[in-house]
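Here the structure is a predicted model, which means the values were calculated and not measured. Per chain, numbering begins at 1; letters A, B, ... match sequence-line order.
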Amino acid sequence: MSNEQLTKAYNPAEVEATWYPQWESRGYFKGSADSTKRPYTIVIPPPNVTGMLTLGHVLNNTLQDILIRWKKMQGYETCWVPGTDHAGIATQSKVEAFLRETEGLTRYDLGREDFLERVWEWKQKYGGTIIRQLRCIGTACDWERERFTLDPALSKAVEEVFIRLYEKGYIYKGHRIINWCPKSRTALSDEEVIYKQEKGKLWNYRYALTDGSGYITVATTRPETMLGDTAVAVHPEDERYQALIGKTVTLPFVNREIPIVADDYVEKEFGTGAVKITPAHDPNDYEVGLRHNLPMVNVMNDDGTMNHDATPAFQGLDRYECRKRIVKQLEEMGLLVSIEEHDHQVGYSERGDVPVEPRLSEQWFVKMQELAAPALKAVEDGDIRFHPDRWVKTYRHWMTNIKDWCISRQLWWGHRIPAYYCAGCGECVVARERPGRCPKCSTHEFHQEEDVLDTWFSSWLWPFSVFGWPEKTPDLKHFYATDALVTGPDIIFFWVARMIMAGLEFQEEVPFKDVYFTSIIRDDTGRKLSKSLNNSPDPLEVIETYGADALRFTMIYIAPVGQDIRYSNEKCEIGRNFATKIWNAARFRAAQGPVASDWNDLGDLSAEALRPDDRWILARLSQVVASCTDSLDRFSFHEMTHNLYEFVWNEFCSWYLESAKAVFYDGDEAGKQVTLRIFDHVLATALRLLHPVMPFITEELYHTLGFIPQEDSIMLAAWPQPLSEAELERLGATADLVGKVAAKFALVRAVRNIKSNYNVPVSKKIEVVIVPTSPEGGDFLRLDPVALKAQLTAASVEISLDYQETGPKGVAVSELATAYVPLAGLIDIEAERARLEKQKDEVLAFMDRTRKKLSNENFVKRAPVEVVERERELLREQDDKLSRLEEQLTALQAS
RNA sequence: GGGCGAUUAGCUCAGUUGGUUAGAGCGCUUGCUCGACACGCAAGAGGUCACUGGUUCGAAUCCAGUAUCGCCCACCA
């Protein structure tokens with residue numbers, strides 16, 4: 001596309017469609033284990049295979065892409081492994097819903113094998129969507145390495161891990177209270193339960209003592225579970241109930257005689273101080289049940305309806321319907337004492353969005369304590385760094401209170417647990433293959449465990465399973481441990497913590513060195529983005545409207561550090577306008593002819609050959625290069641985009657480009673060549689700095705302008721380095737020079753202010769007389785008369801130390817000089833006086849503050865010398881300015 | 001109940017280890033079709049940095065407390 005005339009406006013769609021396939025086909029995204037370069041690796045947080053691209057994905061993957069592209073330019077062998085997650089419950093539910101709607105079938109109608117076939121079909125058909133969408137934002141993923149958590153190799157890793165942990169005694173099967181999702185009909189881990197504050201009720205009702213001597217009143221939020229009560233508990237020291245301990249009550253409806261036990265789990269102050277105990281439906285009651293050797297009666301089916309143990313009267317009822325009837329009947333029986341309003345937390349199934357049912361059942365668990373210890377240490381010791389690091393606290397809290405992980409799920413879509421049960425004696429054997437013969441009863445018939453594993457049981461292996469573990473592959477050796485992980489803080493327990501544990505356990509090395517936690521994206525009014533609120537923009541539509549680079553840049557630009565993002569589509573104008581700005585700066589450059597051949601090496605240049613503005617932009621560029629690298633090193637992406645935006649828009653376009661324009665249009669040939677070279681150097685460097693954030697437009701312009709040949713790529717260009725002190729010195733790009741140029745710009749602004757005040761069009765050429773405050777200042781201003789004249793939009797500029805002209809004129813007073821602008825017929829004496837008086841007030845106020853500081857003995861004595869000296873210098877400057885302002889005011893008076 | 005975070009211009013947010021007159025984008029005002037760009041240019045207006053106290057020569061920045069909002073964790077039925 002190079003050497004063509006640039007269109008007037010940037011057309012993102014065309015550029016994106018041109019470059020992405022080329023990058024991919026040229027193999028730029030590939031990471032090779034054979035490389036001698038240092039590796040830089042990222043594994044993508046695998047999105048759900050059924051998912052669609054969201055803005056969350058855009059943010060997350062743009063950040064990873066920035067890291068990968070940046071590190072590639074720094075000379076690393078980068079490898080970004082993409083892939084998807086089979087997402088057990090989510091995917092299975094989705095396909096079940098689809099089958100229900102289209103064919104009226106349930107998974108049970110089809111049976112396990114046929115159902116799984118349908119899920120695979122579904123995955124084949126829709127599973128690639130999010131992967132295709134990811135390409136639209138420009139991600140430099142190594143697509144040949146795309147993995148899926150149910151791939152044979154990854155499934156092998158899952159099985160291997162299960163067996164090793166089992167053999168080590170870390171995995172066990174146990175009868176426990178777990179969180180049950182009645183909608184998905186499966187066990188869940190503690191992390192998959194989200195608690196919602198709800199306005200509920202506290203029902204107080206009484207149980208009759210079996211001996212007929214009275215009643216005991218209990219309080220509950222869940223009356224329906226009374227059918228499974230096997231005791232009533234009171235506090236051992238509760239005087240009210242001392243006489244009742246050891247007696248029994250008779251449970252209504254089921255007529256079970258249950259004991260009153262004493263247990264200090266009971267809070268005397270809450271409710272009536274007496275608690276009904278349902279060991280099979282409450283984790284605390286379960287503990288009480290164990291302590292007192294109580295029977296455990298499960299009264300519900302797996303779908304949340306009441307079972308046969310709930311007596312025929314209630315069997316088959318939904319748990320909430322059952323609650324209503326129980327309450328009603330208790331009332332009719334005169335047992336209901338009172339109903340209180342009661343706010344409490346109700347656990348919901350994250351995926352099913354229905355209240356979970358604590359349920360006693362047989363499940364597989366992982367003992368976590370031993371795994372957690374080294375994982376906590378790795379983060380505490382800084383082997384893994386969190387960004388922002390406050391998440392360490394959250395991590396530490398969870399790790400030090402870690403519970404065993406319930407890993408079995410009563411689903412079909414997932415990794416089936418490699419455990420086999422003997423048909424003869426029921427013996428359970430965990431093995432890589434179906435056992436041939438039972439070691440106990442010699443039976444040959446075994447059936448495999450029906451349960452599958454929690455999806456996270458495969459995700460936690462992702463950083464090494466994608467490289468072929470447990471095989472010791474060259475990829476694994478080269479690319480593990482990975483470098484950075486970019487993910488949301490919401491999965492710190494689900495995923496991040498567990499990956500650290502798995503990495504240390506199975507690879508004996510942390511899985512990554514840095515974890516960057518992204519922001520949560522909200523809409524303009526602060527609400528979380530969600531489908532149901534219909535406030536979740538489709539990133540592909542945004543890309544169509546604004547362009548991928550614009551979306552990427554905007555997301556990073558508006559993402560506050562460690563805070564939530566307030567997003568709206570309109571904000572993408574920031575990125576779009578910025579892209580247009582860059583595009584037009586390049587268009588301007590293209591119009592000046594081909595780029596200088598020696599734009600990249602300034603080694604032969606020295607200060608004398610350069611204008612102050614050239615030296616200034618080189619100094620600024622060098623600072624920006626250094627700060628961008630520093631920002632990325634610290635994962636301060638937002639800071640980097642703000643730096644670049646400011647530099648490109650204001651310093652490069654508004655000041656340098658305008659200054660160069662003067663040279664290009666009115667300068668001599670030799671000067672033109674030098675300025676062209678500096679211009680090209682700065683522009684090319686800026687494009688490289690911008691490339692990780694805005695890959696498409698930078699690649700396009702790098703070619704169109706001719707910085708590299710068509711077959712090359714900005715992706716392969718070296719990341720810019722700041723100039724050394726010696727080089728800056730040689731080029732005259734010193735701090736002193738930067739200060740002088742900044743003062744010159746301030747003078748220019750002051751002159752423009754006069755024009756603006758009198759509504760003189762910017763384009764109107766004026767006469768300007770400049771009286772410098774020092775001879776050196778005058779010399780400095782004379783160094784580049786062409787640019788100065790253009791910047792002032794002046795017909796003529798006279799620099800004189802003694803100017804005596806009288807008559808109506810606008811006056812600009814700056815630190816560097818006083819500038820006079822005779823504007824015959826336009827000057828309003830009163831307006832001019834007001835303008836100068838206002839400036840004078842400002843100067844006086846400032847001087848007042850400074851004098852106060854300097855007259856403070858302690859300040860002069862205790863503040864660093866430089867600070868005090870700076871204050872004195874400022875005071876002198878302002879004092880000078882003040883006297884010049886007063887002079888002008890006096891002159892006005894005279895005229 | 002415990003922990004974390006936020007509070008700076010009308011709105012959304014920057015402000016690194018305390019040190020010039022606290023910045024940006026959007027919005028607002030005024031003027032500009034000047035040979036890259038109206039997705040633009042130029043010049044402006046706008047802030048007692050939530051509150052109270054402390055440390056310090058000096059605090060938006062450090063410390064303590066208060067208020068409001070948000071998030072996470074926790075077995076009071």
Sugar-phosphate only, base, or nothing, as touched by A/H642 at under 4.0 Å among non-hydrogen atoms: nothing
Centroid under 5.5 Å and tilt under 30°, A/Y665 to B/G35: yes
Pairwise 5' ranking along RNA chain B for A/T394 and A/R390, keeping only the more 5' one: A/R390
B/U21 base / A/Q878 side chain donor-acceptor hit below 3.5 Å: yes
Sugar-phosphate, base or nothing in reach of A/R870, heavy atoms under 4.0 Å: sugar-phosphate
Any A/N757 side-chain N or O less than 4.0 Å from OP1/OP2 of B/U30: no
Polar pair under 3.5 Å, donor/acceptor by atom type, side chain A/K581, base B/C37: yes
Minimum-distance nucleotide to A/F493 side chain [options: B/G40, B/C73, B/A77]: B/C73
Touch class at under 4.0 angstrom, heavy-atom based, for A/K861 against every strand present: nothing
Phosphate-side-chain proximity, A/H342 and B/A77, N/O vs OP1/OP2 below 4.0 Å: yes
Closest listed nucleotide, where the reference is the side chain of A/V762 and the choices are B/C34, B/A36, B/G44: B/C34
Closest listed nucleotide, where the reference is the side chain of A/N584 and the choices are B/G40, B/A36, B/A43: B/A36
Nearest-nucleotide pick for A/T221, side chain only, options being B/A77, B/G25, B/U21: B/A77
Complementary nucleotide of B/C69, counting Watson-Crick and G-U pairs under 3.5 Å: B/G5
Options B/A36, B/C39, B/G25, nucleotide nearest the side-chain atoms of A/Y557: B/G25
A/A863, nearest nucleotide to its side chain (from B/C57, B/C34, B/C13): B/C57
Touch class at under 4.0 angstrom, heavy-atom based, for A/G547 against every strand present: nothing
A/K268/A/D238 ion pair, N-O < 4.0 Å: no
Minimum-distance nucleotide (side-chain atoms of A/A219 versus B/A36, B/A43, B/A77): B/A77
Polar side-chain contact A/E658-B/A36 base: donor and acceptor under 3.5 Å: yes
Nearest-nucleotide pick for A/S654, side chain only, options being B/A42, B/C75, B/G25: B/A42
Touch class at under 4.0 angstrom, heavy-atom based, for A/L202 against every strand present: nothing
Any A/K661 side-chain N or O less than 4.0 Å from OP1/OP2 of B/A36: yes
Touch class at under 4.0 angstrom, heavy-atom based, for A/H235 against every strand present: nothing
Sugar-phosphate, base or nothing in reach of A/E287, heavy atoms under 4.0 Å: nothing
Closest listed nucleotide, where the reference is the side chain of A/P864 and the choices are B/G19, B/A77, B/A74: B/G19
Sugar-phosphate only, base, or nothing, as touched by A/E267 at under 4.0 Å among non-hydrogen atoms: base
Sugar-phosphate only, base, or nothing, as touched by A/K765 at under 4.0 Å among non-hydrogen atoms: nothing
Side-chain donor-acceptor contact under 3.5 Å, A/T278 with A/K276: yes
Inter-nucleotide C1' distance (B/U48, B/A22), Å rounded: 13 Å
B/C72 OP1/OP2 closer than 4.0 Å to side-chain N/O of A/K196: no
Sugar-phosphate, base or nothing in reach of A/V218, heavy atoms under 4.0 Å: nothing
Sugar-phosphate only, base, or nothing, as touched by A/W203 at under 4.0 Å among non-hydrogen atoms: nothing
Sugar-phosphate, base or nothing in reach of A/R222, heavy atoms under 4.0 Å: nothing
Nearest-nucleotide pick for A/R566, side chain only, options being B/C13, B/U20, B/C39: B/C13
